[in-house]
Protein chains: 2
Amino acid sequence: MNTAVAPEMPRFPVSVTVDLVIFTVRGDALQVLLVERGKAPFLGRSALPGGYVRPDEGLDGAALRELREETGLDGRTLHLAQLGAYGDPGRDPRGRVITVAYLALGPDLPVPVAGTDAADAVWVPADRALDPGFGLSFDHGRILADAVESARSQLEYTTVAVSFCREPFTISDLRRVYEVIWGIALDPSNFRRKVTRTAGFVEPTGERRAAEAGRPAALYRFGGARELYPPLLRSGDVAGQARVGPRRPG
Amino acid sequence: MNTAVAPEMPRFPVSVTVDLVIFTVRGDALQVLLVERGKAPFLGRSALPGGYVRPDEGLDGAALRELREETGLDGRTLHLAQLGAYGDPGRDPRGRVITVAYLALGPDLPVPVAGTDAADAVWVPADRALDPGFGLSFDHGRILADAVESARSQLEYTTVAVSFCREPFTISDLRRVYEVIWGIALDPSNFRRKVTRTAGFVEPTGERRAAEAGRPAALYRFGGARELYPPLLRSGDVAGQARVGPRRPG
DNA sequence: CTTCATTATGGTCAGTTTGACTAGAAAAGT
DNA sequence: ACTTTTCTAGTCAAACTGACCATAATGAAG
């Protein structure tokens, strides 16, 4: 036995990488952190940050390390979870590369620091990056699309939306997360009722914050609950268009 | 450049496998298909069916192939979806092996045919396989636990429960799937109301089936919808043991 | 044949949740 | 003082849920 790996197996050269879909809500858009590739293939094109898994680290560990290297952020303060594995042959022209995609959610992060591979990293609105003309590298377009759908779905059934808000936050901050990611307008009053009456979602700090305009808003912090029960469903409302104004069925 | 794979990379020997969590509802239990390992490591112990990904196939393709090889079933007739990737160093004593787990759901399947690796494959109740004393190989216990939780959750928000029923089926057949997987008793009347009033969940065939006892039940087939809106939440109802439930205000 | 056990199916009813909407409160700007 | 803006608190009807009760349709038991 001259190799430590499954000697009886049809082994062939494989590399394993992790790719990170790092989301934040900036302004009026869901934005994703992209790096410009500094080498072939896809030199000069945009890609998700990521890198090779090392021999002695697990997948989650590799994701945490890449997150820190690319953004300087501590993954324990962000919401980081596995999204899925992507391994079509031909997804990387250099050979067989299996990538495990992770989804990281965080509050409006500082402009990222230069990382290892990252010649420069920038925030790009997710829908712009998803445009076929944008030219994401590899199959990162599909990964990003899956990530957006995963985020949209998680907002319904979990409290991850608070991961996008720096504490303390207002109910409106939280509502804006939903509105931006779902692409629909939510009734402020109904949203407040739902959020404040769901045990463990948010808890008031007792303070208020004066905004640019209007009545100052009460401040909240995360309440600790992970699941949202009952869920907060994006219901009949249609996405994409129709952002302002109350409904009017008829 | 003497190798086709990322020459600048810290490459090391890695194998990529797919493992299948194949669920069915038999009798009163959620059962999982397990094979007895015919070689080291874990010789003679139970394991999830699976195998190595081949150089020319994608991950989904490998899962479909393994499913066919192990069970003789066509994956297109089952519900097959990726569960996640598991790649801790040391999860396989032979070396670094990354596995991509898939979750397959199907109606009460025939006793599986002998497969390639599978000396013999058997159905085992999931909770028995999850018992630490059962001794699943590798980290398959964790994978199975994740699979059970995924299945439980998917029942809430999707129509995958019908994947466990052979068409045509009765409402009670469908209800039994929920009861077995959630481990709680559901009110037959309320369940029927929910299922039949959710557009696209089930549609009547017009026929009836005489059961062992009681009034014959109307037969249904799948309605085509994938999402379940509004969801069918596992809340208060108690059963064998009593699971969760913020109910009982008075 | 009658009664019973069993399962299917339909309906009621109160409590909860939701979506649409109205209105007041608290700030900044003109 | 008035307007604009945003936050916050309600109202109301519709929908949904969970807990029931009642009836239908079958086979088995007596």
Side-chain angles (χ1 to χ4, degrees), chain A residues 156-157 168-176 178-179 182 184-199 201-202 204-220 228-238 242 244-250, chain B residues 28 156-157 165 168-176 178-179 182 184-199 201-202 204-220 228-239 242-250:
Chain A
E156 295 189 317
Y157 309 119
F169 53 86
T170 69
I171 301 287
S172 292
D173 293 338
L174 191 59
R175 177 165 51 87
R176 203 157 293 123
Y178 278 88
E179 293 184 325
W182 283 352
I184 64 177
L186 298 175
D187 182 273
S189 183
N190 292 340
F191 182 82
R192 149 179 309 279
R193 178 180 61 191
K194 175 70 182 179
V195 166
T196 55
R197 290 196 185 169
T198 299
F201 199 170
V202 300
T205 67
E207 315 230 318
R208 323 191 127 255
R209 172 200 293 166
E212 307 162 359
R215 173 177 173 175
L219 291 172
Y220 296 81
L228 199 48
Y229 181 83
L232 179 46
L233 301 168
R234 42 177 166 163
S235 55
D237 275 315
V238 195
V244 240
R247 291 295 82 75
R248 266 292 75 191
Chain B
D28 285 356
E156 295 189 318
Y157 309 119
C165 298
F169 53 86
T170 70
I171 301 287
S172 293
D173 293 337
L174 191 59
R175 177 166 51 86
R176 203 157 294 122
Y178 279 88
E179 293 183 325
W182 283 352
I184 63 178
L186 297 175
D187 182 274
S189 182
N190 292 340
F191 181 81
R192 150 178 310 279
R193 177 180 61 191
K194 175 70 183 181
V195 165
T196 55
R197 291 195 185 169
T198 299
F201 199 169
V202 300
T205 67
E207 315 229 317
R208 323 190 128 256
R209 170 201 294 166
E212 308 161 359
R215 173 177 174 175
L219 292 172
Y220 296 82
L228 199 46
Y229 182 83
L232 180 46
L233 300 170
R234 43 176 162 164
S235 54
D237 269 315
V238 195
R243 286 184 45 77
V244 216
R247 286 297 83 73
R248 287 290 79 192

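To find a chain, count down the sequence lines: A is the first, B the second, and so on, and within it residues start at 1. Just the heavy atoms: all of them, side chains too, but no hydrogens, waters or symmetry mates, feed the values below. Being a predicted model, the structure only gives us computed values, none of them experimental.
Arg197(B) places its CZ atom 10 Å from the P atom of dT17(D), with the value rounded to the nearest Å. One interatomic measurement links the two molecules: CD1 of Ile171(A) to P of dA26(C), which rounds to 18 Å at whole-angstrom precision. Following rounding to the nearest Å, Leu186(B) (CG) and dA8(C) (C1') show an atom-to-atom distance of 16 Å. Asp187(B) places its CG atom 13 Å from the C1' atom of dA22(D), with the value rounded to the nearest Å. As rounded to whole Å, 16 Å separates atom P of dA14(D) from atom CG of Asn190(A). Phe191(B) places its CZ atom 14 Å from the C1' atom of dA8(C), with the value rounded to the nearest Å. The distance from atom CG of Leu228(A) to atom P of dT17(C) is 13 Å, rounded to the nearest whole Å. As a whole-Å value, the separation of Glu179(A) CD from dT6(D) C1' is 13 Å.
Minimum atom distance to the side chain of Pro216(B) is reached by dT26(D), of the listed dT26(D), dG10(D), dC7(D). Nearest nucleotide to the side chain of Ala217(A), out of dC21(C), dA24(D), dC7(D): dC7(D). Each of dT6(C), dA8(C), dC7(D) was ranked by its minimum atom distance to the side chain of Ala213(B); first place goes to dT6(C).
Pairing each heavy atom of Tyr157(B) with each of Leu233(B), the nearest pair is CE2-CD2, 3.9 Å. Nearest approach of Leu186(B) to Phe191(B), heavy atoms of both residues: CD1-CD1, 3.9 Å.
A donor-acceptor contact shorter than 3.5 Å links the side chain of Arg209(A) to the backbone of Pro168(A).
Of the two residues contacting DNA chain D, namely Leu232(B) and Ser189(B), the nearest-nucleotide position lying further toward the 5' end is that of Leu232(B). Comparing Gly214(B) and Tyr220(B) by the nucleotide of DNA chain C whose heavy atom lies nearest to each, the residue mapping closer to the 5' end is Gly214(B). Positionally, the nearest nucleotide of DNA chain D for Ala218(A) lies more toward the 5' end than for the other of Ala218(A) and Pro230(B).
One finds a side-chain N or O of Arg175(A) lying less than 4.0 angstrom from the OP1 or OP2 phosphate oxygen of dC7(D). Within the 4.0 Å cut-off from OP1 or OP2 of dC16(D), not a single side-chain nitrogen or oxygen of Lys194(B) is found.
The distance from atom CD1 of Ile184(B) to atom CD of Glu179(B), rounded to the nearest 0.5 Å, is 8.0 Å.
Not a single donor-acceptor pair, N or O on each side, falls under 3.5 Å between the base of dA8(C) and the side chain of Ser172(B). Side chain Arg193(A) to base dG19(C): a donor-acceptor pair is found below 3.5 Å.
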message: Applying side chain to side chain contact (heavy atoms under 4.5 Å, CB included) to Val195(B) and Tyr220(B), what does each step give before you reach the verdict?
response: CA-CA 11 Å; Val195(B) 165; Tyr220(B) 296 82; over 6 Å; no
